[in-house]
Each structure stands twice: as C-alpha cells, then as structure tokens.
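Structure first, commentary second.
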Amino acid sequence: MIRLLLAIVAGRIVRAASRMLGRGGSALPGLVAEAIDPRTIEKLVASLSRGVVVVTGTNGKTTTTRMLAAALQAGGSTVITNRTGSNLARGIASALIEGAGWRPRVETDYAVFEVDEAAVRTLAPRLLPRMMVVTNLARDQLDRFGELDTTTSHIAAAMEHLGSVVVNADDPRVAALASGEAAAFGAVDEIRALMPADRDLYGEGTLPARHLPLAAELRAVRAAADGQEVVMAVDGEEHRFHLKVPGVYNGYNACAAILAAARLGVPVATATAALEAMDPPFGRGQVVEFRGRLVVLLLVKNPAGFNQVIRLLIDAAQPTSVLFAINDNHADGRDVSWLWDARLEDLAHSGHLFGAGGMRAADMALRLKYAGIEAWAETDFREALDRAVTSAEPGSTVYVVPTYTALLTLLDLLHPGVGRRKAWS
Amino acid sequence: MRGLVIMHLYPRRMNIYGDTGNVTALRRRLEWRGIAASVVPVDLGDQFDLEEADIVVAGGGEDTAQMAVAADLAQRAEEVRGAVEDGVVFLTVCGTYQLFGRRFVTASGEEIPGIGVFAAETIGGGTRMIGNVVVDSHWGDLVGFENHSGRTLLDEGQASIGIVRRGYGNNDSTTEEGAVVNNCFGTYLHGSLLPKNPAFADELIRRALTRRHGGDVELAPLDDTLERRAAEAAASRP
C-alpha cells in the first residue's frame, strides 16, 4: 500500500512538472509510477466497481474508446480513460494515477482503455478486462509491429483473459478470433464493400462470406458538411443519428461503441445521444479554424486507414485543397513504403488540389505523380500549411492528412501559443 | 511497337512492403514514353506462361505466405530457371529474392528449398536489419528501405547488385547487396525501390525491350526531378 501510494505521488509530481513545462506528454507519470511499484496497474484496476473495457485493433481505437466512454457516462456510470491515445502500459498507468487522485484507489465504475494491439497480450492478464472490443486488423508500420500474423496471435492470446468480446464481423481476421459468445457488429454489403479488409487490399474486391450473425448493423452513412448521418440497427431495432466525426470508418467505430455500451446495459438511445454530442478526438476528424478556413485533420498510419481517408475525400461535398503531411519518425514508422499500397489512384478524378508536406514530402508527391495526380512538395510545415490553406476559398473546408508526428507539428502551427495540450483536452 | 507484359507474381501473398509500387513505376514509365504495358497478376496455382512475360516482379510476404509461395514456386522451378536463362527480366524483392536462392533456413531450423536461380542461401533469425539503405551499384546509387532477419550469403562468383554504403544489404557480415544472374535481379530494397531509382527502373525496361525487339534501345528521357528528391530524402533519414 505504501509502495503504491509512493508510486502515485511520484507519478503525480512528474505529471504536474510536465504540465508546467507545457508538455502534453502522457506516458511519463505512468512510467515513473511503474518503476516504483510494478503492480500499480493491477492494484488500481482492482478498485474499479465495474471493471475494465479494452478497445484494441489496428485502426479506430482512439475514436471508439472516446465514443464508448461517452456512452457509458451518459448511461450514468463514472469512467476513466486514456484519452490522449497513450496506449501502452505506461499510458494506462498514467490514466489510472490521474483517476486515483492522491488515494491508492480509483473510485469510478469503469476504465475504458484503448490498448496497443501488440501490447494487449501482456496487458490483458494485468487488466483482466470484463470486455474487449476489436475494431479491425490490417498491416501497420511493419518496422515497428512486425507481421500481421503476430499481431493477430497477440489478440487471440489476450482473449483468454476476458469476460466478453465485441468484434468486427466484417474483418475476416477479427471474426476468425471470435467464439460463439461474441457480440458482432458489421455493415450492409453496400457499406462493407467500401471497407476492404487487409487480405482484400490487392484482390478483386469481392466480399468474403461473413460467418457471424450481427447484433449491430450499420445500414447507411451519408456524408454531411458537419460530419455524417448514420442509420444503425441494434438487436433488430433501427436508430438514426448524426456524428460529428466524418468517414464511413467512424460509422463502424460508432457501431462498435454502441454495441459494447448496450451489452454493458446502456440503452441505445442514450448512447446515440452521447455520440451526437461528441467532438472528434485529437486529429481524427478534428476541425480547427485557421486563416478563415476550416481545417479537418485526418490522421493516417497505414494503408487501410489511408484508404478510408481516401474514401472520405472522394465523398467530400466540394472539391478543395488537400495536404498530405508524411513524416518518418519512429512513431510514424520509418518505412514509407506503405504509401504505395494505398489507393491514391482513386483520387485522380476527385477535382481536389493536392500538396505534399512533411519530412517525406517528396515521397508523397512522387506517389501522387505515379497515381497520375499533380502535387507540389514542401518539407517546411509552415509553408506547406499556408500554401494548402490559401489554395482553398475563404470559408471553405481544407483537408489535412498527416502521420502522427506531422500532426503534432501541425497542431502547434494551427493553435499558436496553445500547442498540443489544448488540442488533447 | 508491341507493348510489354509485366507479370506480377503472387500479388495477393507477397505484397507486404509496397511491392505494388514497383509494378506501378514500370507501367507508368512505359506509358509516359508511349509504350503500351499490361500487368498480369499471377497468384498461387494460377496458370501462367513465362514466355509471355517481359518483366516479372515479385515481392516479400509474411512467413506463412512465404511458405505457401515456396511450395508453389518449387513446382515451377524449371520453368522459372528456363526464363531466366532466356533473358526474361526479373525483379525479386525480399521474400521472393530469398526463395530464388538455393534454400532458406528459418530461425527455428526449418529448411525451405529455393529454386536455385541465385548461387546463394539465406539463414533466418537474429536481429532484424531495418532502415534506409544506400547501395553503390552499376546503375548509380540505389536507395531503399530494408526490413529482414534473413541473412543471405552469396557463393563465390555470384554477382551482387552493388556494395552497401549505408545499411546492411544481404547480411551483417559482408557489404554486398542483392544478386544478379543474367537479367534476373534479387534485392532486399523496397521503399518502393523502382519509383525512387528511375535509372534502375529504366535499366529493367531497356533490357526487356532489347530482348523483345533486339538492337540498342534508346529510351526517351523523363523528368526525374521529383524521383531524385525522394531518393535524397530517403538517403538522409535513419
């Protein structure tokens, strides 16, 4: 107990110091606490009255976690979550310390954590989640994560430590992991065809057979200026609602969150109301006003996610200016080969104006050139942002599509003086 | 002039590191010069006739995919070796490069037989060799990204593509990268390789056109400013 208290106090001091320095960093307090008491996580989750829900998978973790936390709160529960997207053990420890205050316990009902798909194997036995939500599995930054088969095996191993699972029935890799007890979400064929799974990325685009019955079904998504209209059926009953987060893939994320919340006792109407009010998380459809335009930030990390953003850009109401900002720091993945796996060719007739930014601006512009699309390349972030924004009419929407560390730099430019902390909160 | 046929081997299995980019680069650089190009994907068990192919491109894959492809390739070994002898242009990257050697011994000691185009063998395991690579080759600097744990050792007399100036290349004990037999190239470089290395891409095209039509082939020059910028950026990064 003393040790845990020491860990919490040390973690909180580090957190306060880090904030004073204006850093949004969210992993350090947990790292320090875990060094003092390596069982910080186990001890703190034990005090949650209703336990832990884990959200994992390749894409959609942050948004789904945010949605599920909002739905559970709307249902009357108290919830802590790792909302900054820091999803390794130290980020989870940090979130627990924050939830603990100065006491050696967390007095909320739930913790909803997004967990890195490679870390979930070791974290599941520590968190003993009552439920795990698996969004999708696709190749992702192979220099960091290794093979997709390995990632899949991590999630399969994690599943041995939980109560129930909510899975994406439209992703064959995820569906194959599910047992008969799983609650499954998916979409009608028309929508499913827009979301090819990893093994279909190079195929004919034929829809694979779906083996799991759907408890939640995404029936329609329609892009709107301020997000999208969604029609979804849960346990046979149809619901219509509006989401501020754009993109078909966020329709899937909403489906996952609403189904998970329903299985935890939240009425669907309560959950959809919570989602309607939810602002997009950090960089995931987040909208920032800048120089008289609305800049929509759409984080990309891998080909599957990039293809989803490309779909969104094709569906955009008006042709406008689009900036792809590609960095290759460790957190982005050093290898930019994945740009060649995304279907940039599909944008050739979109009417948008394209620019490429980031450390690997030239690679991105080259990718576009070979897709038959003309684009300028500018490695200076400020110049690239200015050029992209001024290429669009005042009052219009501009799409900025960055990798992770490019997003951080862009947010510093978009929120001068406020920086990343504001953007995270 | 008859167009060229680019055969993309195992696109659904061996496609892990942007290998499609190599096919795209060849196709575009032919199109930009007014030379028709068709891409024929060939997957496991598909019928295909290598005599129809001008350029064959194959990439890397996950372990399970590589095992499946090894079995398929073994059945076509003679045909592939014949095509190499006949001067068909091949670009094999990472996983298929390994399978074009004599054998691949995995980290767990399992032996996957290769088709023996290259006088080389690959031993799996140990630390992965990851990062941007610069190779000093006959076609100028080649820039790409490597990510492999297999160590490929060339027999004495087996020609390489070039000497590594940065990164590992074939292994962590010699400075050689890749292997060449006739018009068949094997390499660990992806990134994708050909878009960032237009001189090498054109060399493959030139060899294919020469084989098909005979005589000296003069390729119309293209503006490769952006290609060079991308290669410079890659070469400057870890």
Side-chain angles (χ1 to χ4, degrees), chain A residues 138-153 198-206 302-303 306 326-330 332-345 356 358-379, chain B residues 8 10-29 31-32 41 43 59-66 93-94 128 130-132 143-147 149 189-196 198 222-234 236-238:
Chain A
R139 64 191 63 198
D140 188 12
Q141 299 176 23
L142 295 151
D143 53 315
R144 293 177 63 210
F145 287 96
E147 299 198 343
L148 185 52
D149 283 342
T150 313
T151 306
T152 309
S153 76
D198 187 82
R199 73 166 169 215
D200 307 320
L201 279 176
Y202 306 86
E204 312 293 303
T206 48
N302 49 51
F306 207 156
I326 308 299
N327 274 0
D328 66 350
N329 290 312
H330 178 72
D332 306 294
R334 295 273 186 216
D335 185 1
V336 297
S337 302
W338 60 279
L339 299 176
W340 292 89
D341 288 324
R343 298 167 51 122
L344 274 312
E345 282 79 3
M359 296 160 172
R360 301 299 289 269
D363 282 83
M364 186 65 228
L366 189 65
R367 173 69 189 97
L368 288 163
K369 174 181 171 180
Y370 280 81
I373 297 168
E374 209 175 307
W376 47 266
E378 173 57 66
T379 50
Chain B
H8 191 181
Y10 312 117
R12 285 173 73 83
R13 297 288 184 136
M14 305 295 270
N15 55 30
I16 203 166
Y17 296 117
D19 293 309
T20 323
N22 290 326
V23 176
T24 307
L26 292 170
R27 188 167 50 81
R28 288 289 185 190
R29 297 184 72 80
E31 282 172 9
W32 288 333
D43 243 298
E62 300 207 346
D63 289 346
T64 49
Q66 198 177 356
V93 181
C94 206
R128 286 194 87 80
I130 304 182
N132 287 294
V143 181
F145 195 93
E146 64 181 331
N147 183 352
S149 60
L189 270 56
H190 55 268
S192 303
L193 175 66
L194 296 184
K196 272 198 277 285
L222 299 173
D223 178 1
D224 290 330
T225 317
L226 195 53
E227 282 79 350
R228 277 193 296 275
R229 272 181 72 188
E232 278 163 24
S236 74
R237 299 291 300 153

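Numbered from 1 within each chain, the chains take letters A, B, ... in sequence-line order. Only a predicted model underlies this, so the values are computations on that prediction, with no experimental measurement involved.
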Please give me the minimum heavy-atom distance between [X] and [Y], naming the atom from each residue.
X: A:G372; Y: B:R28; result: N-NH2, 3.7 Å
X: B:P195; Y: A:L366; result: O-CD2, 3.6 Å
X: A:S337; Y: B:S192; result: OG-N, 4.2 Å
X: A:E147; Y: B:G61; result: OE2-O, 4.2 Å
X: A:D341; Y: B:G18; result: OD2-N, 3.2 Å

Any chance you could measure [X], atom [atom1], to [Y], atom [atom2], to the nearest 0.5 Å?
X: A:R334; Y: B:I130; atom1: CZ; atom2: CD1; answer: 10.5 Å
X: A:D335; Y: B:R237; atom1: CG; atom2: CZ; answer: 12.5 Å
X: A:L368; Y: B:L226; atom1: CG; atom2: CG; answer: 9.5 Å
X: A:K369; Y: B:D224; atom1: NZ; atom2: CG; answer: 5.5 Å

Subject >> Charged N-O contact under 4.0 Å between B:E62 and A:R139 >> reply: no
Subject >> Donor-acceptor side-chain pairing of B:R29 and A:Y370 below 3.5 angstrom >> reply: yes
**OP:** Please identify each residue that fulfils side chain to side chain donor-acceptor pair (under 3.5 Å) with A:E345, with sequence neighbours left out.
**Re:** A:R367
**OP:** Can you sort out the partners of B:A234 under side-chain contact (heavy atoms from CB on, under 4.5 Å), two or more places apart, ordered by chain and number?
**Re:** A:R360, B:N132, B:V143, B:K196
Original post:
Contact part of A:A371 toward chain B, heavy-atom cut-off under 4.5 Å: side chain, backbone, both or neither?
Top reply: backbone
Subject >> Which atoms of A:M364 approach chain B - backbone, side chain, both or neither, heavy atom under 4.5 Å >> reply: neither
Original post:
Among A:T150, A:V336, A:D328, which residue forms the greatest number of heavy-atom pairs with chain B at distances under 4.5 Å?
Top reply: A:D328
Original post:
Given a strict heavy-atom distance threshold of 4.5 Å, which part of B:A25 is in contact with chain A: side chain, backbone, both, or neither?
Top reply: both
